[in-house]
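Worksheet for the structure shown next.
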Amino acid sequence: MQYPEQGIRLRSSARTSTGQVRENNEDNIHLWTHENFVLAIVADGMGGAAAGEEASRIAVEAIKAGFTPRDQRPETLVSVEDAVVTERLRDAIQTANINIVQKAAVSPEMRGMGTTVTLAFIRGTYAIVAHVGDSRAYLVDGDDRSITQITSDHSFVEALLLAGHITPEQAEDHPMKNVLYRALGQAEDVDVDMYYKRLHVGDRLVLCSDGLTRHVKPNEIAKLALADANPDIVSQNLIDLANARGGEDNVSVIVISVEGTTTNNPPEKEAVIINPSDEDETLVLKDRMPMRSSQLPDEENEASPDYDNLDDTQPGVPQGSLLFDDPKMTAERLRDEDGDTTLQLRD
Ligand code: CA
């Protein structure tokens, strides 16, 4: 594959929030955008306030330095083979791991610190995802509007779930849901999971820390991700929703949107998300009617249903007026042969 790919543009946005409960932010994020590629990193530190912050900061710094050595111009990444990129990402994460282990060894107050790391390197329509811990990468399909969790959490609860010992419902409120069996900083060696995804125009890639998924369900992530073409607005809406629901943890979100620069852009989505008002912190969804540039919206006649949340079953939703908000619609979790789970929305 030659880069840049014709007719493809990547737009992205990264945001992090301390949330509503914590006093400091142990998440660290990084978004590096270049004309032809994007490197996005989410790291969620653990081990106590200062230590958690330090672990995730070391991880991000080490990966940045390892992936783009100072003696190489970013442009050289255009022609590097995918297998070489994969090895470079894996090496950078393993160096980050060693750096954290070594820092903890000489700093008693940092003992036990660790961090997750989930990153995506995207060139054109090809994404390489590297993952350790429970920060997630999701692929939101712009065509069938399904959402696929690319990564599999390295948590005990996920292991119990995969083994069939607990149900998805039990997993949600499980007392051990924050306990990881794999993270950076725990041992001299760490296994890094790698995933490869082909993206299409209209798709969104969403990286997030568990501060988002604690409060916002995958189908809601899909909804919000597809409701606006601007990743800045999507990332803000996702963080606002997590915070409106309690913001119990630090919340980090990176959204990458694949756009066509020529033709074949997907049609405008029917729903747009309006920023929550300061007064009631609700999200407002409204129809986006097909509109010519000469037409202005009629404010009086415009249906603007207000919702306390994005609960699909909330009564009073005009049927068919909102994407995803059909109360008859159900979500079903599918697993493909690669072991990826897909949340499929069905009528
Ligand atoms: Ca967290």
Side-chain angles (χ1 to χ4, degrees), residues 13-31 40-63 93 96-97 100 103-104 110-120 129-138 149-161 171-186 190 192-193 205-218 220-221 224 235-255:
S13 170
R15 289 181 197 275
T16 186
S17 161
T18 303
Q20 308 283 46
V21 174
R22 304 266 181 118
E23 288 186 351
N24 61 325
N25 193 341
E26 295 175 48
D27 289 0
N28 262 286
I29 60 175
H30 173 67
L31 178 63
I41 309 172
V42 171
D44 177 355
M46 60 198 83
E53 268 183 43
E54 181 67 1
S56 59
R57 188 193 64 77
I58 293 172
V60 167
E61 291 303 317
I63 294 164
I93 291 172
N97 178 58
I100 294 166
K103 177 77 185 245
M110 303 278 170
R111 191 163 297 151
M113 71 173 169
T115 186
T116 72
V117 65
T118 297
L119 68 79
V129 174
H131 164 69
V132 177
D134 68 350
S135 301
R136 293 180 180 170
Y138 286 101
Q149 186 179 325
I150 298 171
T151 54
S152 186
D153 295 351
H154 298 136
S155 68
F156 284 107
V157 166
E158 182 69 13
L160 290 172
L161 184 61
E172 268 185 30
D173 292 317
H174 200 284
M176 284 178 73
K177 73 176 177 183
N178 292 326
V179 181
L180 302 182
Y181 63 80
R182 200 195 300 176
L184 267 60
Q186 308 306 291
V190 66
V192 181
D193 290 350
L205 199 63
V206 178
L207 270 53
C208 61
S209 62
D210 66 339
L212 180 74
T213 45
R214 169 192 292 251
H215 295 296
V216 183
K217 296 195 182 325
E220 296 174 320
I221 294 173
L224 291 176
S235 62
Q236 188 65 62
N237 282 333
L238 287 167
I239 283 183
D240 285 347
L241 185 55
N243 280 332
R245 290 178 176 172
E248 290 170 28
D249 196 0
N250 310 135
V251 193
S252 298
V253 176
I254 301 182
V255 178

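Each ligand, and each atom within it, is numbered from 1 in the order the structure gives.
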TODO: For the residue pair M113 and I58, establish whether any side-chain heavy-atom pair is separated by less than 4.5 Å.
DONE: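 They are in contact (side-chain heavy atoms under 4.5 Å apart), so the answer is yes.
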
- [ ] Could you tell me the angle subtended at the Ca ion (ligand 1) by OD2 of D44 and OD2 of D249, rounded to 10°?
- [x] 160°

Open item on the list: Taking N, O or S atoms only and a limit of 3.0 Å, check whether D27 reaches the Ca ion (ligand 1).
Closed with: no

- [ ] Report the residues that fulfil ring pair (Phe, Tyr, Trp, His ring centres under 6.0 Å) with H30, sequence neighbours left out, ordered by chain and then residue number.
- [x] none

TODO: For the Ca ion (ligand 1), find the closest N/O/S atom belonging to D210 and write down its atom name.
DONE: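 In D210, the N, O or S atom with the shortest distance to the Ca ion (ligand 1) is OD1.
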
Task: Contacts of Q186 that satisfy side-chain contact (heavy atoms from CB on, under 4.5 Å) - sequence neighbours left out - done: A183

- [ ] Report, as yes or no, whether the 6.0 Å neighbourhood of atom NZ on K177 holds more than 12 heavy atoms from other residues, nucleotides or ligands.
- [x]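 Counting neighbours around NZ of K177, more than 12 heavy atoms of other residues, nucleotides or ligands fall under 6.0 Å, so yes.
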
